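Below is one structure, written out as structure tokens, with a few remarks after it.
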Amino acid sequence: MVKLMSLHDSGHKTPFMGKTFVQLFVFMSFAVIPAVEALPTKDSRANSSSPMNEADFIKVIRDGDIPEISNACNEAIEFSLEERREKLEKRLVLILPSTKSLDLVLGNAEALLACKAPEAAQKVLSRFSPDRGSQRRAWLIMSWRASNAALDHLTASLALRRLANGKLSQLEEEKLIVGYDEDGSPLTRSALELLADHQRSLGNSDSAAAVLLAGRSRGPLGARRLALVAELLENLPKDQRADLLEKAFAQAHGEEAWGQAVDILRALFKLEIESGGDGIEVK
């Protein structure tokens with residue numbers, strides 16, 4: 001079994017499983033993951049030289065379904081018609097006062113995001129919350145989108161943690177859309193990094209570091225994350241930094257993620273040297 005002990009203390013060398021010193025070096029260049037931005041929505045309305053006339057607008061407000069109102073929202077935004085956009089937002093909030101259909105709730109929330117009303121989308125999503133399964137996953141992703149667009153980092157973090165279902169490493173493979181390329185192709189990021197960004201925005205640097213350490217990527221991406229972890233933990237006492245790294249090592253070891261375990265071991269070695277120790281002891 002592998003067991004990590006506390007780092008160098010009061011001039012005494014920290015043992016790490018035995019009597020042979022293994023010195024592991026790592027050189028990491030610092031890189032910051034871009035801040036989370038509100039998700040832009042694709043305009044489903046064909047370009048037009050002028051907005052709809054007032055009579056048609058009133059008809060949409062009175063009789064339009066969710067797709068029609070959503071298209072009208074896109075038009076109002078395109079032509080900077082804020083008063084119209086606000087009326088359309090209010091209509092979308094009221095169009096389904098209560099429902100037990102997840103598809104309708106998600107469609108309503110999607111339309112509100114297109115209408116640049118993420119807080120209203122959050123309100124609509126609260127009308128129906130599935131307990132489990134694929135519906136729960138779809139609801140959580142939409143909840144994250146709405147919270148992310150509203151810059152509600154606390155609720156966005158909660159949605160992603162619930163999506164992880166107690167296992168943060170699962171977020172590594174969960175790719176969420178954060179925008180669109182010029183050709184309309186979706187741009188995605190790992191939910192793991194997005195959760196770390198939300199935690200950092202909330203001022204929880206240690207939590208953001210713990211999230212990144214739950215990832216299993218190696219190579220340039222893994223190195224970049226470890227570099228960011230070092231940056232996030234820079235202002236913490238060395239014993240707290242060591243404790244966090246040791247917990248991450250134990251988790252990686254328990255899951256037999258050997259590559260990640262070695263990378264964390266390198267970071268521990270570097271921290272030991274910074275503390276004035278001789279390295280990590282292995283047996």
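Source: prediction; values computed, not measured.
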Does any N or O in the side chain of [X] come within less than 3.5 Å of the main-chain N or O of [Y], such that one atom is a donor and the other an acceptor?
X	Y	value
Arg132	Pro130	no
Glu75	Met52	yes
Trp139	Phe128	yes
Gln170	Ala164	yes
Asn108	Ile66	no
Ser185	Asp181	no
Glu174	Ala191	no
Arg91	Gly64	no
Arg85	Ala76	no

Worksheet item: What's the verdict on salt bridge (Lys or Arg N to Asp or Glu O under 4.0 Å) for Lys90 and Glu86, showing C-alpha distance, side-chain angles and the deciding distance?
Response: CA-CA 6 Å; Lys90 290 178 182 177; Glu86 290 178 357; 5.6 Å; no
Fill in: Check against side chain to side chain contact (heavy atoms under 4.5 Å, CB included), Val124 and Leu96
CA-CA 8 Å; Val124 163; Leu96 296 172; over 6 Å; no
Can you give me the closest heavy-atom contact between [X] and [Y], atom names plus distance?
X	Y	value
Leu233	Asp206	CD2-CA, 4.1 Å
Leu92	Cys115	CD1-CB, 4.3 Å
Ile77	Ala114	CD1-O, 3.2 Å
Ala121	Ala109	CB-O, 3.8 Å
Leu168	Ala214	CB-CB, 3.7 Å
Val178	Leu194	CG1-CD2, 4.1 Å

Do we see a donor-acceptor contact under 3.5 Å between the side chains of [X] and [Y]?
X	Y	answer
Arg136	Ser129	yes
Glu110	Ser70	no
Gln122	Asp152	yes

Distance from [X] atom [atom1] to [Y] atom [atom2], nearest 0.5 Å?
X	Y	atom1	atom2	answer
Arg162	Ile141	CZ	CD1	14.5 Å
Gln199	Asn204	CD	CG	5.0 Å
Leu104	Thr99	CG	OG1	4.5 Å
Leu232	Leu212	CG	CG	6.5 Å
Leu113	Leu106	CG	CG	10.5 Å
Leu265	Glu246	CG	CD	10.5 Å

Discussion item. More than 12 heavy atoms of other residues, nucleotides or ligands under 6.0 Å from NZ of Lys59: yes or no?
Written reply: no
Worksheet item: Is it the case that more than 12 heavy atoms not belonging to Arg137 sit under 6.0 Å from its CZ atom?
Response: no
Kindly indicate whether the side chain of [X], heavy atoms from C-beta on, has any atom under 4.5 Å from the side chain of [Y].
X	Y	answer
Arg200	Leu228	yes
Phe57	Leu81	no
Leu112	Pro118	no
Ser157	Leu202	yes
Cys73	Glu89	no
Ile61	Leu88	yes

Would [X] and [Y] show up in the same hydrophobic cluster when neighbours are defined by side-chain heavy atoms closer than 4.5 Å?
X	Y	result
Leu163	Leu125	yes
Met142	Leu158	no
Leu171	Leu187	yes

Discussion item. Checking Arg127 against Ser98 for the side chain to side chain contact (heavy atoms under 4.5 Å, CB included) test, could you report, in this order, the C-alpha distance in whole Å, the side-chain angles of both residues, the deciding distance, and whether it holds?
Written reply: CA-CA 6 Å; Arg127 294 171 179 169; Ser98 63; 5.9 Å; no
Worksheet item: Should Asn148 and Leu176 be marked as a side chain to side chain contact (heavy atoms under 4.5 Å, CB included) after you check the CA-CA gap, both sets of side-chain angles, and the distance that decides it?
Response: CA-CA 11 Å; Asn148 179 48; Leu176 300 178; over 6 Å; no
Practice prompt. Go through Ile95 and Asp65 one step at a time and tell me if the side chain to side chain contact (heavy atoms under 4.5 Å, CB included) criterion holds.
Written response: CA-CA 8 Å; Ile95 198 169; Asp65 58 16; 5.6 Å; no
Practice prompt. Give the ring-plane orientation class for His198 versus Trp144, where under 30° counts as parallel, over 60° as perpendicular and anything between as tilted.
Written response: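 If you compare the ring of His198 with that of Trp144, the planes turn out perpendicular.
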Practice prompt. For salt bridge (Lys or Arg N to Asp or Glu O under 4.0 Å), just list the numbers for Glu193 and Arg225, CA-CA rounded to whole Å, side-chain angles, deciding distance to a tenth of an Å, and then say yes or no.
Written response: CA-CA 9 Å; Glu193 293 187 354; Arg225 287 180 180 172; 3.0 Å; yes
